[in-house]
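Only one structure is covered here, and it is reproduced in the block below.
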Amino acid sequence: MIPRSWLFVPGDSERKIARALVAGADAVILDLEDAVAPERKPGARQLTAAALAARPAGSPPLWVRVNPVSSGLMSADLAAVMPGAPDGIVLPKPDSLADVEALDRVLTELEGDRAGRAPTPVLAIVTETALAVLNLPGYAAPPTRLLGLTWGGEDLSAELGATGNRAPDGEFHFTYRLVRSLCQIAAAACGRPAFETIQPDFRDRAALERQARRAAEEGFSGMLAIHPDQVPVINAAFTPTPEQLAHARRVLAAFDAAPQAGTVQLDGRMLDRPHRAQAERLLERAR
C-alpha cells in the first residue's frame, strides 16, 4: 500500500517513537538527520536500531531517514539500522539521481542474499538544494527500489537566502510552488508517486486541511507529517470519499460497456481514456 501519511519522529526519543507507533500513520519515519543534534547521532542510531528490533506486532511500517550522502554519515547510519530490516529508507538532500544510486549500491551490499526478499524501498526528498532542483529531469530512469519522490522547502529557502517560503495567508511563494510542481512532474515521468511536504504549524488544523486536500486533488499520493495530531487530517484528505468511489466505478462501468469506444458519455459529459485512468487510480488508492 502506498502510504497516505508519513510521520517523522526523532530517532533519539524513545517517548516520541512510542507515541508515533500508535498515531495511526501509514508509515513512521525514524529520523537520524535534521531532528537529531550532531552529538546525539550515535545514540540515535542505537535507539533507532533497538526500536526496529523491538517493534510490536501491528506496528506501522518503520522507515529511517538517514543523513545525506554528502554528510559522510550515511554509511554509518545504514550499518546501524539495516540489521533491523527497516521497511524503507528516506534519503534527504540528494543533489541528483547519482546520490540515490549511491544509496542503492550501499543498500545492495548490506542486503546481501535476502532469500527472495524485495529490495528495501527508498523515498527521496529531491528539492532541498538549488542543484537538486536543476537536476530533477535526471530522475527519468531511477533504480527499481525508488518508491517515490517528495519535496521540501525549508532547506531550499535557507540556501536561497529567503526569510520565509510562505505568504501571510499560508500559501507557498511562487518559487516553492514551482519546485513542488517540478517534483510532481519528475515523479510522474519516472512512474512513481509524489508526496506533499510538511505543514510546519501543527497547531493550524485549517491550514493543514487546505494543503492536504489541495495536494490530493492535484494528484499527490500522500503527505509528510511532523506531529501525531496531523495524521488523522492527512489520512482523511487522501482517502477517497464514498461519492468519489461510486463515480469512479460508474466511469469504469461505462467504458466496460463500450470496450471498442475511445469516448463514452456519462451524466451529459464526454469521457475519454484519461478519465478512465483517473478512475482506476482513485480506486487503487482505496485498496
Side-chain angles (χ1 to χ4, degrees), residues 1-69 71-94 99-100 102-125 143-148 150 195 198 222 224-232 234-235:
M1 183 181 97
I2 299 297
R4 299 163 298 174
S5 52
W6 302 75
L7 176 59
F8 281 102
V9 59
D12 62 347
S13 174
E14 187 173 3
R15 177 183 61 84
K16 291 180 179 179
I17 291 173
R19 185 181 178 192
L21 294 181
V22 296
D26 289 344
V28 170
I29 302 171
L30 307 175
D31 191 8
L32 298 178
E33 195 219 6
D34 283 348
V36 180
E39 65 273 12
R40 294 181 60 87
K41 289 186 187 292
R45 292 186 188 113
Q46 295 177 3
L47 184 57
T48 294
L52 290 169
R55 67 186 104 176
S59 295
L62 296 185
W63 289 55
V64 176
R65 177 162 71 169
V66 296
N67 285 278
V69 174
S71 71
L73 301 174
M74 185 187 74
S75 293
D77 292 340
L78 292 171
V81 303
M82 286 305 291
D87 292 286
I89 298 296
V90 179
L91 179 65
K93 301 179 181 65
D99 284 358
V100 179
L103 171 59
D104 179 48
R105 290 191 294 271
V106 176
L107 287 174
T108 298
E109 182 177 347
L110 290 173
E111 288 166 344
D113 183 6
R114 289 162 39 116
R117 286 186 59 187
T120 305
V122 168
L123 175 68
I125 310 175
T144 302
R145 72 169 75 242
L146 183 67
L147 172 80
T150 186
F195 300 95
I198 64 167
L224 310 181
I226 58 169
H227 192 279
D229 290 347
Q230 295 181 317
V231 170
I234 293 172
N235 285 346

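FYI, side chains are in, hydrogens and waters are out, and symmetry mates aren't considered; it's all heavy atoms of this structure.
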So which atom in Val66 and which in Glu33 form the shortest heavy-atom distance, rounded to 0.1 Å? O-CB, 3.7 Å
Could you list all the ring pair (Phe, Tyr, Trp, His ring centres under 6.0 Å) pairs where at least one residue sits in residues 71-91, not counting sequence neighbours? none
Flag side-chain contact, heavy atom, 4.5 Å: Thr150 against Val90: no
Could you pull out all residues at least two apart from Ala49 that satisfy side chain to side chain contact (heavy atoms under 4.5 Å, CB included)? none
State which residues pass side chain to side chain donor-acceptor pair (under 3.5 Å) with Ser59; sequence neighbours excluded, sorted by chain then number. none
Can you find a pair of side-chain heavy atoms, one from Arg19 and one from His227, that are under 4.5 Å apart? yes
Return the set of residues passing side chain to side chain contact (heavy atoms under 4.5 Å, CB included) with Leu147 (not counting sequence neighbours), or none when no residue passes. Ile2, Trp6, Trp63, Pro121
Ring pair (Phe, Tyr, Trp, His ring centres under 6.0 Å) involving Phe8 - partner list, sequence neighbours excluded: none
When rounded to the nearest 0.5 angstrom, what is the spacing between CG in Leu224 and CD1 in Ile234? 7.5 Å
Would you check, one step at a time, whether the test side chain to side chain contact (heavy atoms under 4.5 Å, CB included) holds for Leu103 with Leu78? CA-CA 9 Å; Leu103 171 59; Leu78 292 171; 3.6 Å; yes
Give every residue pair that meets the salt bridge (Lys or Arg N to Asp or Glu O under 4.0 Å) criterion with at least one member in residues 41-60, sequence neighbours excluded. Arg45-Asp77, Arg55-Asp87
OG1-CG distance between Thr48 and Leu30, expressed to the nearest 0.5 angstrom: 5.0 Å
Could you tell me whether the side chain of Ile125 reaches within less than 4.5 Å of the side chain of Leu91, counting heavy atoms only? no
Report yes if some heavy atom in the side chain of Ile89 is under 4.5 Å from a heavy atom in the side chain of Met82; otherwise report no. yes
Is the shortest heavy-atom distance from the side chain of Leu21 to the side chain of Pro56 under 4.5 Å? yes
Check whether Arg145 reaches the backbone of Thr120 with its side chain - one donor and one acceptor, N or O, closer than 3.5 Å. yes
Please enumerate all residues that pass side chain to side chain contact (heavy atoms under 4.5 Å, CB included) together with Ala25, with sequence neighbours excluded. Ser5, Leu7, Val28, Val231
Quick one: list whatever passes salt bridge (charged side-chain N to carboxylate O under 4.0 Å, His left out) with Asp99, sequence neighbours left out. none
Return a table of donor-acceptor pairs under 3.5 angstrom between the side chains of residues 10-17 and protein atoms on other chains or two or more places apart.
from: Asp12; atom 1: OD2; to: Arg40; atom 2: NE; distance (Å): 2.7
from: Ser13; atom 1: OG; to: Lys16; atom 2: N; distance (Å): 3.1

Sequence neighbours excluded, the answer for salt bridge (charged side-chain N to carboxylate O under 4.0 Å, His left out) partners of Arg4 is Asp26
About how many Å separate CG of Leu32 and CG of Leu73, when rounded to the nearest 0.5 Å? 10.0 Å
Holding to side chain to side chain donor-acceptor pair (under 3.5 Å), I want the full list of residues that pass it with Gln230, two or more places apart in sequence or in another chain. none
Quick one: does any side-chain atom of Asp31 pair with a main-chain N or O of Ala35 as donor and acceptor, under 3.5 Å? yes
Would you name the heavy atoms of Pro86 and Val64 that are closest together and state the gap between them? CB-CG2, 4.0 Å
Return the set of residues passing side chain to side chain donor-acceptor pair (under 3.5 Å) with Asp34 (not counting sequence neighbours), or none when no residue passes. Lys93
